[in-house]
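All ligand and atom numbering here is 1-based and tracks the order in the structure. Worth saying up front: this structure is predicted, and the values here are computed from it rather than measured.
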Amino acid sequence: MDLPLRPRRLRRHQAVRDLVQETFLRSEDLIAPLFVHDLDREETPVKSMPGVARFSIRRLVEECRVLSGLGIRAVAVFPCLDPSLKNPGGTEGFSPRGLIPRAVTAIKKALPGLLVITDVALDPYTSHGHDGLLDSEGEVDNDRTVEALCRQAVVEARAGADWVAPSDMMDGRVAAIRRSLDAAGFQRVGILAYSAKFASAYYGPFRDAVGSRQAAGQTYLDKRSYQLNPANRREAIRDALLDAGEGADILMVKPAGPYLDIVRELREQTRLPIAAYQVSGEYAQIHAAANLGWLDYAAARDESVLGIKRAGADLILTYFAKEIATTLA
Ligand code: PBG
């Protein structure tokens with residue numbers, strides 16, 4: 001063929017491919033989500049998330065030390081509470097001696113340079129499994145929930161959290177949390193906002209891990225009255241940009257893989273850093289297919305995370321963080 005333009009010239013062998021590679025993963029891009037429990041055991045496995053366990057605080061600190069040694073700069077901690085501590089108001093979520101405050105304090109004491117991120121949302125604490133407080137009709141009450149979230153954020157900041165991460169999708173919560181943190185003297189604490197969080201089926205294994213599925217019992221936990229419709233791109237961008245205006249330091253998109261168009265569009269619409277959360281179901285499906293021999297595990301794992309970075313994410317929360325950091329180290 002008379003073909004002057006031959007893109008394959010840039011793919012001929014490894015040296016050329018290395019020279020023209022556009023996107024690189026670094027362990028500094030990765031944030032490890034970790035689960036903590038209050039049981040007497042060092043760890044309990046999460047069945048639907050092979051390789052992931054809920055840790056005792058002691059074990060959690062050990063894990064953080066390993067992650068830190070691998071170049072990971074931040075962890076996000078989630079609690080799995082004893083069901084007896086849950087109630088409709090999620091009040092354990094603002095107990096200063098609660099599991100998360102104790103865990104955060106322990107991590108920061110052992111590893112002051114590791115950034116600790118805590119979730120702001122009530123779902124691990126409520127007996128119904130929703131992220132907020134219900135009104136008399138059973139609807140999630142936005143404004144009362146925001147008040148509770150502000151209390152929770154201040155408790156977490158007081159325990160030493162570097163960033164709080166509201167994952168609830170209530171309206172106006174970023175501005176309210178910012179005000180509360182500032183009023184309590186925590187101007188230095190950042191807000192990593194779950195800004196475009198979709199009502200996704202991919203959260204299933206996470207709900208096993210923190211026990212919110214069990215809390216909800218037989219009824220499917222339907223969060224569509226606050227999380228975004230997976231069909232809506234414009235609405236997602238609008239909601240995320242509201243968070244930016246309210247003072248969020250970083251905007252997050254969640255899940256990541258099925259929502260790369262949202263990551264890219266936000267990347268182009270804001271100058272804030274963008275985070276993306278590769279959620280539990282995205283992790284579980286790669287493991288499941290690999291276990292059946294249907295996918296090459298390491299290749300699929302690495303490609304799934306690289307794709308998120310290429311789409312425009314600056315930070316990536318992923319349960320693969322430790323493994324990928326290990327391969328990069
Ligand atoms: C809830 C919360 C969820 C996740 C993080 N925070 C689940 C939900 O909204 O039901 C999901 C993370 C994952 O699936 O890995 N505040």
Side-chain angles (χ1 to χ4, degrees), residues 30-36 46-54 75-81 86 90 92-94 100 117-126 128-133 140 142 145-146 148-149 152-153 156 161 163-170 173-174 177 191-217 219-230 236 239 252-259 275-288 304-305 308 315-322:
L30 306 175
I31 297 175
L34 298 170
F35 299 104
V36 57
V46 180
K47 255 211 231 96
S48 47
M49 303 176 71
V52 172
R54 311 172 190 90
V75 296
V77 285
F78 298 94
C80 178
L81 239 60
K86 300 188 184 191
E92 184 63 15
F94 20 89
I100 285 294
I117 305 168
T118 54
D119 229 46
V120 181
L122 297 181
D123 52 303
Y125 305 99
T126 51
H128 42 70
H130 278 290
D131 292 36
L133 308 175
V140 175
N142 191 86
T145 296
V146 170
L149 297 174
Q152 186 185 19
E156 293 172 350
W163 292 353
V164 295
S167 69
D168 53 287
M169 289 300 281
M170 296 303 123
R173 90 278 202 218
V174 171
I177 290 171
I191 300 179
L192 165 62
Y194 288 71
S195 299
K197 174 168 179 180
F198 291 85
S200 169
Y202 288 87
Y203 305 148
F206 175 94
R207 293 180 186 175
D208 292 334
V210 301
S212 62
R213 189 211 299 276
Q214 296 85 323
T219 44
Y220 176 71
L221 250 183
D222 183 351
K223 301 193 179 182
R224 287 177 298 177
S225 79
Y226 41 106
Q227 298 177 347
L228 290 159
N229 182 345
D239 207 332
M252 180 143 74
V253 176
K254 172 183 177 188
Y259 298 92
Y277 195 149
Q278 184 184 47
V279 301
S280 56
E282 299 178 73
Y283 175 84
Q285 67 187 358
I286 290 176
H287 270 280
S304 70
V305 177
I308 295 166
L315 314 171
I316 302 170
L317 281 86
T318 170
Y319 301 95
F320 294 125
K322 184 183 183 182

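The main-chain N or O of G257 is never found under 3.5 Å from a side-chain atom of Q278 such that the two would form a donor-acceptor pair.
Using a 4.0 Å heavy-atom criterion, the residues that approach ligand 1 are D119, A121, D123, D131, S167, K197, Y202, Y203, F206, R207, K223, Q227, K254, Y277, V279, S280, Y319.
Here Y203 pairs with nothing under the ring-ring contact (aromatic ring centres under 6.0 Å, His included) rule; sequence neighbours left out. Partners of Y283 according to the ring-ring contact (aromatic ring centres under 6.0 Å, His included) rule, which considers only residues two or more places apart in sequence or in another chain, are H287, Y319, F320. For F94, there are no ring-ring contact (aromatic ring centres under 6.0 Å, His included) partners, not counting sequence neighbours.
Taking CD1 of I191 as the reference point, atom CD1 of I117 lies at 13.0 Å (rounded to 0.5 Å).
Ring orientation note: the planes of F198 and Y259 are close to parallel, at an angle under 30° on the 30°/60° scale.
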